[in-house]
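Comments concern the structure below.
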There are 2 protein chains.
Amino acid sequence: MNPQNRGMNLTQQVADTLGSAIITGKYGEHNPVPSEAVLCEQLKVSRSAAREAVKSLAAKGLLTSRARQGIRVLPESEWNLFDADVLRWMRESNPSLELLREFAELRVAVEPQAAMLAAQRQNSEKISQIGSALNRMKQAESGLDDPLEADIAFHLSILDASENRFFSQLGRIIDTTLRVSIRFTNMRTGVRAGNHHEHKQIYDAIVANKPEEAAKNASLLMDNALAIIVAALKEGVK
Amino acid sequence: MNPQNRGMNLTQQVADTLGSAIITGKYGEHNPVPSEAVLCEQLKVSRSAAREAVKSLAAKGLLTSRARQGIRVLPESEWNLFDADVLRWMRESNPSLELLREFAELRVAVEPQAAMLAAQRQNSEKISQIGSALNRMKQAESGLDDPLEADIAFHLSILDASENRFFSQLGRIIDTTLRVSIRFTNMRTGVRAGNHHEHKQIYDAIVANKPEEAAKNASLLMDNALAIIVAALKEGVK
DNA sequence: ATATCGTATTTATCTGATAATATTGATGTT
DNA sequence: AACATCAATATTATCAGATAAATACGATAT
């Protein structure tokens, strides 16, 4: 089993190794998931631990288990990609610049709409949090704050200011994935400091109660991020 | 326990009642989730069943359970709304036209982008499936098919044709929720048959390889759906 | 060939016991 | 009085083993 014992209890460890193995494609038609009994033997854990791990993964759409039928991996279309664990396993298994592109396409759709809603809703408290994040980005230019964290905080605060539970929710997933994505795009573009200005334009439009403009400015930013990834894909970078 | 014995095994039943109870707000600060032992007693199930159900709900972000700490409901921000079960429990518990609005806002963001990507990707097989769904909608006008199912099939096929796993994935959630949402909007607008034409314009743009136009046409449709819900909210309809 | 039925395999469920863990209150120290 | 340390205790975690239920598969009969 993976030596990721950091605070994880046994069933979580089992779920982690199993989930990872499934997503890596280790199991399939020719090589089905072993039975509960065999699983216990292989991983040296009790049935409780194994079964509870299986239940976790079933809840995430990775597999089913039924009497006499055994444990079956579900088709990828059933996997819940909007689950932090599943997404992590996918990132860790597939190098998948591809996944990053698909994720960027989602952000292109979602973030402008979130910015628009934030401008419409005008929740002053949450808008001020966008402002704080923007300040952090400014500070980061002089090395007084972490640019990556500041950038992430900015995007999350916009999603939150949209006052839409689905968008806020996406924030949590975007959080973990941005840590990979932003690092990548910054690597490609050389961490231009100009970023701050483009972000400020989104913030200004939201403060000014201009939904359309906020959406448009957010679109520009997102399109750029996507374009960088697409360019890398065309070059055959992995 | 809920008498939803339809094919569900015991742990699934426990997870269902517990999940539903959590989302209904039955448990909170003043009224924490009972301990494993008490839970077993109340529901008249063994520890295995209870524990496995808890693991399921933990995987969906509804609760955590740790030794000596007991079972704790997580804040709503942790609940995975992009999970079919969680979403169903929310629909069943809260009347929540509010939730419908937030969901519509998500669709406004996602579907135009999906239509755009579908037009770009030009996967002929998947585009022909959009065509089939459109035909079904046409047939439905003469009562030869179910208009609701046809409508849903249309939107799902577009998401699928985007060849983006996140969008496809959203399809499964949209599926269940559309059955409520479309019914509602149709109820409000009197099931206008004109729907077919607006859908056809999206399809035509995709076939014609016109991404921008496809997105624009999809936007119009989505904005309408959202507007109906917003109007109802303003009138105080629940 | 098809339908029926029995058998065997696998998960489902129950029970009981021990271990690990973290809360809480007691105790002692500064 | 405030704070660190430690022991007691309640709760989940993990293990072990047994029985029940479900269903895939093959045998049998029509």
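Below, chains carry the letters A, B, ... as their sequence lines are ordered, and counting in each starts from 1. Being a predicted model, the structure only gives us computed values, none of them experimental.
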| request: For B/Phe166, check ring-ring contact (aromatic ring centres under 6.0 Å, His included) against everything at least two apart and list the hits. | output: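 ring-ring contact (aromatic ring centres under 6.0 Å, His included) check on B/Phe166 returns A/Phe82, A/Phe103.
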Can you list the residues that meet the side-chain hydrogen bond (donor to acceptor under 3.5 Å, both in side chains) rule with [X], with sequence neighbours excluded?
{"X": "B/Asn123", "value": "B/Glu163"}
{"X": "A/Ser56", "value": "none"}
{"X": "A/Lys55", "value": "none"}

| task | Can you sort out the partners of A/Ala140 under side chain to side chain contact (heavy atoms under 4.5 Å, CB included), two or more places apart, ordered by chain and number? | result |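 Applying side chain to side chain contact (heavy atoms under 4.5 Å, CB included) to A/Ala140 gives A/Asp145, A/Pro147.
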| task | Please identify each residue that fulfils side chain to side chain contact (heavy atoms under 4.5 Å, CB included) with B/Ala104, with sequence neighbours left out. | result |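 B/Leu226, B/Ile229.
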| request: Apply salt bridge (charged side-chain N to carboxylate O under 4.0 Å, His left out) to A/Arg51 and list each qualifying residue two or more places apart in sequence or on a separate chain. | output: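 Salt bridge (charged side-chain N to carboxylate O under 4.0 Å, His left out) list for A/Arg51, sorted by chain: A/Glu36, B/Glu52.
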| Selection residues 67-81 of chain A - residue pairs positive for side chain to side chain donor-acceptor pair (under 3.5 Å), sequence neighbours left out |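 Matches after skipping sequence neighbours: A/Glu76-B/Arg165.
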| message | Applying side chain to side chain donor-acceptor pair (under 3.5 Å) as the test, list every pair that has at least one member in residues 21-34 of chain B; sequence neighbours left out. | response |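 For residues 21-34 of chain B: none.
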| request: Check whether any side-chain N or O of A/Ser157 sits under 3.5 Å from a backbone N or O of A/Phe154 as a donor-acceptor pair, and report yes or no. | output: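 Looks like yes, one N/O pair under 3.5 Å.
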Nucleotides 4-6 of chain C: which of its N/O atoms have a protein N/O under 3.5 Å away?
none

| query | How large an angle, rounded to 10°, do the end axes of the helix from C/dA1-D/dT30 to C/dT30-D/dA1 enclose when each is built from five base pairs? | reply |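 Nearest ten degrees gives 20° for this helix.
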| field | Under 4.0 Å protein heavy-atom contact, by nucleotide of nucleotides 9-16 of chain D - B base, S sugar-phosphate only | value | BBBBBBB-
